[in-house]
Amino acid sequence: MYTIRMVSVGLLLCLISCWSWSAMAKLEEKFSWKQLAFDWPSTKAEEEAKANGHYIEDNNLPLGVERWQNRIFVTVPRWKAGVAATLNYIDLTSTEKSPKLHPYPSWEANTLPIDVKPQDQKTPSGGRLDADKAQDAGIQLKDNATIISTFRIQVDVCDRLWVLDTGLADILGSPKQITPNSILVFDLKTDTLLRRFTIPADQSKEDSFFANIVVDADRSECQDAFAYVPDLGAYGVIVYSLRKDKSYRVKHNFFHFDPLQGDFNVGGVNFQWTDGVFGLAVGPMNPDHSKDIYFHALASTKEFKVSNRVLQNESHVTGGDSYYDFKYVGDRGMNGQSTAEVFDPETGVIFYTQVNKDAIACWNIKRPYTPDTQGLIDSDSHTLVFPNDMKIDSEGTIWVLSDRMPTYLYKELDPSAINYRILMGNNRDLIKGSPCEM
């Protein structure tokens with residue numbers, strides 16, 4: 001009888017545990033595509049683009065995501081020739097599961113000023129690292145709102161869209177540096193360009209690769225905004241002041257990759273990367289009105305932070321006396337490599353991707369940073385293969401874009417299968433029952 005009761009109690013506890021886990025919210029699939037489609041001006045324009053190689057469906061891979069009001073922005077970097085438009089948006093009110101992408105701010109702004117023909121060669125075995133050196137096209141743009149190729153974007157609290165334009169087209173084919181790396185700022189209420197800033201050539205290195213931008217702004221002081229642009233290829237961070245319209249380069253050992261954490265296995269593809277600082281998140285306002293900037297390298301499992309006052313003090317942070325101002329936060333543990341992180345002011349939680357785990361995880365900044373205090377809030381080897389980017393909007397909704405990028409880079413995507421997804425979930429629902437809930 002005692003044995004039977006113990007088994008019954010054990011079974012009950014198991015059922016309760018399983019029910020509790022299944023009751024936790026998971027990300028909901030909002031949009032998905034086998035291949036991206038665009039809202040062309042006409043059927044004839046689309047046919048002509050396909051005929052001359054300006055639109056090759058297989059080559060259009062979504063990467064960055066962001067939300068503003070009823071728009072979901074999606075970036076499509078020009079990894080290869082044939083990308084229709086690099087910066088786009090979707091109408092959030094769309095009832096279509098695979099809606100067409102609308103170029104932003106216009107088709108004209110997404111049209112390359114030179115003709116880039118598709119190449120016959122396959123992707124280099126090392127991806128971006130083994131690609132040919134980019135040729136300088138020496139182009140003077142007719143319109144400063146032109147965007148050549150963007151990976152990540154961010155909307156700030158002042159209703160502005162910040163875009164990091166690499167100026168680089170056909171990265172994996174015959175790379176062409178059409179324009180220098182630039183920061184573009186758009187007024188989302190009028191869809192007009194407010195600022196275009198070219199990152200000075202002496203702030204880039206031979207291996208530089210800029211693929212992210214994080215904005216530090218307060219609604220009461222919109223003109224005092226700063227942008228942080230990580231250089232994952234040459235291990236630095238560009239700090240840009242909107243008010244001064246000036247930038248400078250910051251270097252630190254913590255920006256480098258971890259040589260023991262450069263091995264990746266994603267969606268059946270094994271590859272090795274040496275990507276340095278990439279993910280950044282702006283923390284909450286501290287009592288002294290400073291903010292901590294959290295950051296990590298992509299090929300690493302460690303998290304670091306530094307005060308925004310340090311980063312924004314050019315003479316101090318570039319003068320050689322700021323080394324100890326950068327702090328080690330902790331380690332995410334085995335297979336904890338992450339492409340993106342965002343801070344949620346409502347819950348005090350940093351949400352981040354886990355590319356080697358096909359997952360999204362979280363950490364409450366009030367807790368120590370250890371593997372035990374990290375919450376794995378969703379993992380799916382079908383829908384979350386390479387969660388590339390994520391954002392949180394003002395309503396507490398988490399947006400995640402997964403795109404199977406390693407398969408796109410090193411093998412071939414199946415055009416008959418769903419390859420790209422945008423998923424969403426409520427912040428509090430996602431952390432319920434996890435170590436992130438307090």
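One-based numbering along the sequence shown. As the structure is a prediction and not an experimental result, all values here were calculated from the model.
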Please enumerate all residues that pass side chain to side chain contact (heavy atoms under 4.5 Å, CB included) together with Lys291, with sequence neighbours excluded.
Asp216, Asp218, Val282, Met285, Asn308
Test item: side-chain donor near acceptor, Thr93 and Asp91, under 3.5 Å:
yes
Please report the closest heavy-atom contact between Tyr104 and Ile147, naming both atoms and the distance.
O-CD1, 3.8 Å
Residue pair Gly268 / Lys411: nearest heavy atoms and the distance that separates them
O-NZ, 3.4 Å
Shortest non-hydrogen contact between Ser32 and Ile418, atoms and distance:
CB-CG2, 3.7 Å
Have Ser290 and Asp292 got a donor and an acceptor in their side chains that come within less than 3.5 Å?
no
Regarding Lys80 and the six-membered ring of Tyr408, is the cationic atom NZ or CZ under 6.0 Å from the ring centre and inside 45° of its axis?
yes
Crowding at NZ, Lys302 (>12 non-hydrogen neighbours, <6.0 Å):
yes
Would you tell me whether Gln203 and Ser247 have side-chain atoms, one donor and one acceptor, within less than 3.5 Å of each other?
yes
Lys/Arg cation over aromatic Tyr240: Arg195, 6.0 Å, 45° cone
no
What heavy-atom pair brings Asn335 and Gln354 nearest, and what distance separates the two atoms?
O-OE1, 4.2 Å
Do you see a donor-acceptor pair shorter than 3.5 Å between the side chains of Thr192 and Asp187?
no
